[in-house]
Amino acid sequence: MKAYTRRSRGARLRVHEIWDRYKGENHETALLLLILALLGVMAIVEPSALTMTFVGDIIRSGIVTLALALGLLLVIISGGMDVSFPAIAIFSGYATITVMNFFGVDGALWPFLLASIMGIALGSLNALFVARYRMETLIASLGTQVIIRGVLLAFIGSVYISTLPAQLDAIGASSIMRLGNSPVNILVLPVIALAFLVSWMLRKTMFGRSIYAIGGDRESARRVGIRVPSVQVRIYLIAGALAGFAGMVHVVLSRHASPFELVGTELNVIAAVVIGGALDSGGRGSVKGTVYGVLLISLVQNSLVRLGVSSYWHVLVVGVVVLVGVAIQAQASSREAKTTRILESTEASA
Amino acid sequence: MSIDTGRQASRSVEQATPPWALAVKRNGSTFGLLSLALVLAMAFSAINPDSYATLLNVESIAFSIPEVGLMALAISVAMTIAGIDLSTVAVANLTAIFIAWYSRVGVEQGQGQLTATLIAVAGGLLIGVLCGLLNGLVIAKLKVAPILTTLATMQIFTGVAVAITRGEAAYGVTDPLSSFGYNSLLGVPIVFWLFGVVVVAVWLLMTKTKYGVSSTMMGASRTAAEYSGIAYTWVVTRTYVLAGLISAVAGLVLVSRTASASAGYGSSYLMLAITIAVLGGANPFGGRVAVVGAALAAIVLQLIASGLNMMGVSTYIYQIVQGLILVGVFVVAFERKRVSEAISRRRRRANAQTSQTNQQKEHQK
């Protein structure tokens, strides 16, 4: 009896150790397993749906979400919350197209740059309110969201632009390869490059580590000599630039410009980032986790379509997935907070 | 620390000033809002003397206040414990849909108008309580941040509403409900009376009961509150149930007033409700009860909405104004605090210098 319990405890310990080694800093492995499990369910229920086209659709729908998520990730790691990024994105995308039409100019690269610069300008509003006036980040971004959207609709335009300038339209139609019937757009490449860039910045630069430090404990970060307001300003400017770029990607991919799009998709992006392991209380999160989170959300949405679930249920299902994902992350991190690292290491050495 | 200095300041003022001035000083934000409302009312009346300052317009403003005012109250209550309730509009819509649906089904099944109304309203309020319970339990037990929880449940409640209505609007309410929504009592809309009753009830609950004091302390400092024996789970759950119940009352008002309900109704209300709550004096970081303030702020915002509407300003501009008010509240508060701190610092330095010179003089003697 005694031997049995000891052995089982040993086995459990070993499983625990293996899990600890591979679970990833932010439970990325659990997320990957969840994605695989969902794919498994799909394979059993509707095997005909699992085609290369399906993969292509997921990439297509996930790419704008990922571009938006990268900026939000920085904000959430620093302990903030942002709901203004969709407004910034659609403002930048739509205003760029309006400017191009107004002057009758065309281009392929500079519109993306212009949109990013607009994003920076709009992001500076968030930076001002958060860094200078120390506003609660959610409230500040709620305010800037309605202001930015109001300015867009009242002064820039509220009409649907059905055709883009020729060169941008060509980018929208281009593809680097085909997965089944679904073309993979060339814009996938810059977004992936940005993901690597943000990941590198977060892990290897002083600025990136400062973001984690502020999110972990603002006061401690200040005391070790990090200039908190200056880091916050840079976070919101970069997040603005990323949102502006994402807005342009959205406009080009959808091959039309509508000022009423994107706003309202905040929750999906926030969910992707948070499910990906970034806690809203700050100090955690990774690009890898965010990519998995985006994949999961995109997979759920596309699976619902493939499984023939009535579109009336989509909002509910996505909401439940978000709540469950967020709850699992919160549980995991609160459990971790209870077991202190020091005790664990003495146990291991004993 | 800020509380301390505030109390010291008021104590020193107490010796010199008359009681009415003290009352103004203690309820600064309330009086500020009241005077803001008066100034706005006069300004818009001056701009539109023929249409704004009429009984008809005042009545229509009074009809429009309760819905969004109640939603703001729900958010304000959640902010007292340093939380937030983003699901309030979704809960109101879900309640409204149930009431509209049961109004039809109940009467069809041969229940009297009054019975059907009572069951519909009771069921609607129960939905609000259950939604609030879900929010509270997820936040308190699963330790998910309030923003994320209520963002997700907002989606879930809206999703339920979309699923059961197939995305369409539900029309019609029972006769008692529609007369409740349309009629006035003593010249004031009945829904506005209800709003007043709820405001007073919530104010009593938040300031005069053990629960109210506990939740305020919990919002000011969770650690301190827990060390003094306040049960976190209990307070948080109760607060979100209260917020859910208030949201359900908002749903009751909206369905009686419009005689219809849909999952997508009032999507711009959320932002407005948060603006009202913050303008009313609620602190997103917790610890401040602002029930009366929320009610006054709701009146202020509706005065502005009506005034801009009469001037023919587009709704987009009104949204910009809302956003500017929201951030403006913080900017003004920040600048005021900074200026007053700078003044007191200068005064302290001046005092220190005079005492120093006095000491030096004594030393020289």
Side-chain angles (χ1 to χ4, degrees), chain A residues 81 83-84 87 125-126 128-129 132-155 158 264 266-268 270-271 274-275 279-281 310-331 333-335 337, chain B residues 79 84 86 90 134 138-139 141-149 151-167 263 267-268 270-272 274-275 277-278 283-285 313-335 338:
Chain A
M81 177 51 78
V83 291
S84 67
L125 284 176
N126 285 330
L128 173 75
F129 294 132
R132 174 81 177 86
Y133 291 109
R134 310 237 180 101
M135 279 175 67
E136 227 260 0
T137 48
L138 173 74
I139 306 279
S141 62
L142 264 171
T144 52
Q145 184 205 39
V146 285
I147 293 173
I148 291 168
R149 189 153 189 265
V151 170
L152 172 67
L153 292 172
F155 300 116
S158 53
E266 298 91 291
L267 181 65
N268 287 342
I270 293 171
V274 176
I275 290 176
L279 272 178
D280 88 308
S281 51
S310 152
S311 66
Y312 298 121
W313 292 95
H314 287 196
V315 184
L316 178 60
V317 173
V318 173
V320 171
V321 169
V322 170
L323 189 63
V324 170
V326 168
I328 290 173
Q329 281 288 352
Q331 281 291 291
S333 69
S334 78
R335 210 176 302 133
Chain B
M79 277 183 179
I84 194 163
L86 301 175
L134 177 67
V138 170
I139 292 167
K141 284 284 179 192
L142 298 181
K143 300 180 178 64
V144 182
I147 299 178
L148 297 175
T149 307
L151 209 56
T153 54
M154 171 177 83
Q155 181 112 341
I156 290 174
F157 300 150
T158 307
V160 171
V162 170
I164 57 178
T165 58
R166 305 263 131 192
S267 52
S268 65
L270 180 62
M271 171 62 206
L272 181 59
I274 293 174
T275 306
V278 170
N283 182 354
F285 297 111
V313 176
S314 82
T315 51
Y316 303 137
I317 305 272
Y318 176 51
Q319 285 194 356
I320 299 175
V321 171
Q322 279 175 31
L324 289 175
I325 292 174
L326 181 60
V327 294
V329 172
F330 284 93
V331 171
V332 168
F334 183 87
E335 291 293 344
R338 200 171 61 100

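Naming convention: chains lettered A, B, ... in sequence-line order (proteins, then strands); numbering from 1 in each chain. Just so we're clear, the structure is a prediction, and the values are computed from it rather than from any experiment.
Of the listed residues (B/V327, B/L326, B/V162), the greatest number of heavy-atom pairs within a distance under 4.5 Å of chain A belongs to B/V327. Here A/M135 is the residue among A/Q145, A/M135, A/E266 with the most heavy-atom pairs under 4.5 Å with chain B. Per-residue heavy-atom pair counts under 4.5 Å with chain B were compared for A/V83, A/I147, A/V326, and the maximum is reached by A/I147.
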Checklist line | side-chain contact (heavy atoms from CB on, under 4.5 Å) evaluation trace for A/I139 with B/M79 | finding: CA-CA 12 Å; A/I139 306 279; B/M79 277 183 179; 3.9 Å; yes
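Contact of the A/L142 side chain with the A/V146 side chain is not registered, since no non-hydrogen atoms from C-beta on lie closer than 4.5 Å. A 4.5 Å side-chain heavy-atom check between B/I325 and B/V321 finds at least one atom pair inside the cut-off. Counting heavy atoms from C-beta outward, B/L270 and B/M154 have side chains that approach closer than 4.5 Å.
Only the side chain of A/L138 comes within less than 4.5 Å of a heavy atom in chain B; its backbone stays farther off. Using a 4.5 Å cut-off between heavy atoms, B/V331 contacts chain A through both its backbone and its side chain. Interface remark: B/V278 contributes side-chain atoms only to the contact with chain A (heavy atom separation under 4.5 Å). Contacts between A/I270 and chain B at a heavy-atom distance below 4.5 Å involve the side chain alone, from C-beta outward. Only the side chain of B/F285 comes within less than 4.5 Å of a heavy atom of chain A; its backbone N, CA, C and O stay farther away. Interface residue B/I274: only side-chain heavy atoms are found under 4.5 Å from chain A. Interface remark: B/Y316 contributes backbone and side-chain atoms alike to the contact with chain A (heavy atom separation under 4.5 Å). Of the atoms belonging to B/I84, it is side-chain heavy atoms, and not backbone ones, that fall under 4.5 Å from chain A.
The heavy-atom pair separating A/L323 from B/A152 by the smallest distance is CD1-CB, 3.8 Å. Contact record, A/S84 with A/S141: CB-O, 3.4 Å, taken as the closest heavy-atom pair.
There is a side-chain donor-acceptor pair under 3.5 Å between A/N126 and A/T144.
Here the two rings, on B/F330 and A/Y133, have centers that are 6.0 Å apart or farther.
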